[in-house]
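Since the structure comes first, as structure tokens, the remarks are kept for the end.
If you read the sequence from its start, that first residue is 1, and numbering goes on from there.
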Amino acid sequence: MNRSSRKVSGASGSRRLLNPVSVGAVILILVLAGVVIANSVHKHNDKKQTAEAVAPPAVFTPDGRLHFGSGGPLVTVTTDFQCPICHQFEVTTGPTLTEMLAAGTISVDYDTVAVLDGLSEDRYSSRSANASVCVAVANKSAWPDFSKRLFDAQPAENGPGLTDDKLIQIAGDAGVTGADVADCVHSSRYAGFVAYHSQQAITAGLTHVPVIKVGDTTLQNLGPDALRAAVAQASPAAK
């Protein structure tokens, strides 16, 4: 499987009387000072709220990825649920990735981004990424199954994406249910995090998806044999 991809003044004496003008000035200064302080507090609170809105949920790594496993070389999988080549990678190489992860041969960082909203009528890239965060927060261990199901149900490009209700149904099929999950999807609870993380990825140099790395090496061939060869090369025994 060869790589293909989808491509912001002081007083005079001990006592001093204030005339009406100076009194008015003092009042005006105090009022202005109050406005400045209020604005400062408001901006501080806004910054705090903004930071909280874009911060990765606790189940994610500090850089916004979902980490699985503890052994072997780290494989980083950067994908977008609207990306057909990402779906192809999931079908062709996903089983090998899952097998190696289960065997402890590798650990995996799943790095979901939303960079293809222009390929749907309803921002499906962002909505599906938000739904995947909802699932991860509710039950991280169910996320890989949800991800596979979501790719299998991938809508065609340049049309409508799956509805929020369909995303919730797929989450249920992966074993993640409940009113909170449904509210999370419908309200786009993690839209801030998804948008910020995706922009950070672009700022860091992301130009296409998928991107698969074994350690610091980016794979040019995304087939299972190429993945196995890169993992073998990166394994401690090969050094």
Exercise. Should V115 and I202 be marked as a side-chain contact (heavy atoms from CB on, under 4.5 Å) after you check the CA-CA gap, both sets of side-chain angles, and the distance that decides it?
Worked result: CA-CA 9 Å; V115 295; I202 293 171; 3.9 Å; yes

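- Ion pair R189/D180 flagged as a salt bridge, since at least one NZ, NE, NH1 or NH2 atom sits closer than 4.0 Å to an Asp/Glu carboxylate oxygen.
- Residues L219 and L227 meet the side-chain proximity criterion, which asks for heavy atoms closer than 4.5 Å.
- The heavy-atom pair separating A142 from A174 by the smallest distance is CB-O, 3.7 Å.
- Nearest heavy-atom pair, L119 versus E157, reported as atom, atom and distance to 0.1 Å: CD1-OE2, 3.1 Å.
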Exercise. Can S147 and Y110 be said to form a side-chain contact (heavy atoms from CB on, under 4.5 Å), step by step?
Worked result: CA-CA 10 Å; S147 175; Y110 288 101; 5.8 Å; no

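- Hydrophobic clustering (side-chain heavy atoms under 4.5 Å, transitive across Ile, Leu, Val, Met, Phe, Trp, Tyr) keeps F89 apart from L74.
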For this session: Please test F60 against V133 for side-chain contact (heavy atoms from CB on, under 4.5 Å), starting from the C-alpha separation and ending with a verdict.
Result: CA-CA 9 Å; F60 286 76; V133 180; 3.9 Å; yes

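- Formation of a donor-acceptor pair under 3.5 Å by the S198 side chain with backbone atoms of A195 is not found in this model.
- Transitive grouping of hydrophobic side chains (ILVMFWY, heavy atoms separated by less than 4.5 Å) keeps L150 and V91 in distinct clusters.
- Here the closest non-hydrogen pair linking C83 and Q154 is O-NE2, 2.9 Å.
- Taking CG of L162 as the start and CG of D122 as the end, the distance is 9.0 Å to the nearest 0.5 Å.
- Under the 4.5 Å side-chain criterion, counting only non-hydrogen atoms from C-beta, F151 is not in contact with K148.
- Between V113 and L206, the shortest heavy-atom contact is CG2-CD2, 4.1 Å.
- Residue-environment remark: NZ (K140) exceeds the threshold of 12 foreign heavy atoms within 6.0 Å.
- With rounding to the nearest 0.5 angstrom, the CZ atom of F68 is 11.0 Å from the CG atom of L97.
- Annotation: side chain of F146 is not in contact with side chain of V176 (no heavy-atom distance under 4.5 Å).
- Classified by interplanar angle (parallel below 30°, tilted 30° to 60°, perpendicular above 60°), the ring pair F81/W143 is tilted.
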Problem set entry | Derivation and outcome, side-chain contact (heavy atoms from CB on, under 4.5 Å), residues H67 and S107 | CA-CA 7 Å; H67 182 80; S107 54; 3.8 Å; yes

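- A donor atom on one side chain and an acceptor atom on the other are not found under 3.5 Å apart for H197 and D63.
- Considering all non-hydrogen atoms of both residues, I168 and H186 come closest at CD1-NE2, 3.4 Å.
- The CG atom of N158 sits 8.5 Å away from atom OG of S120, with the distance rounded to the nearest 0.5 Å.
- I85 places a side-chain heavy atom less than 4.5 Å from the side chain of P210.
- Under the 4.0 Å criterion applied to side-chain N and carboxylate O atoms, R228 and D225 are assigned as salt-bridge partners.
- Put simply, CG on D111 and OG1 on T79 are 8.0 Å apart, with the number rounded to the nearest 0.5 Å.
- The OG1 atom of T112 sits 11.5 Å away from the CG atom of N130 when rounded to the nearest 0.5 Å.
- Between P84 and H87, every side-chain heavy-atom pair lies at or beyond the 4.5 Å cut-off.
- Note on L101 and I212: same hydrophobic cluster, where clusters join Ile, Leu, Val, Met, Phe, Trp and Tyr whose side-chain heavy atoms are under 4.5 Å apart, directly or indirectly.
- In terms of modelled atom types and a separation under 3.5 Å, the side chain of T218 and the main chain of K213 share no donor-acceptor contact.
- In plain terms, the two heavy atoms of Y190 and C184 that are nearest each other are CE1-SG, 3.4 Å.
- Here the OG1 atom belonging to T76 is positioned 5.0 Å from the CZ atom belonging to R65, to the nearest 0.5 angstrom.
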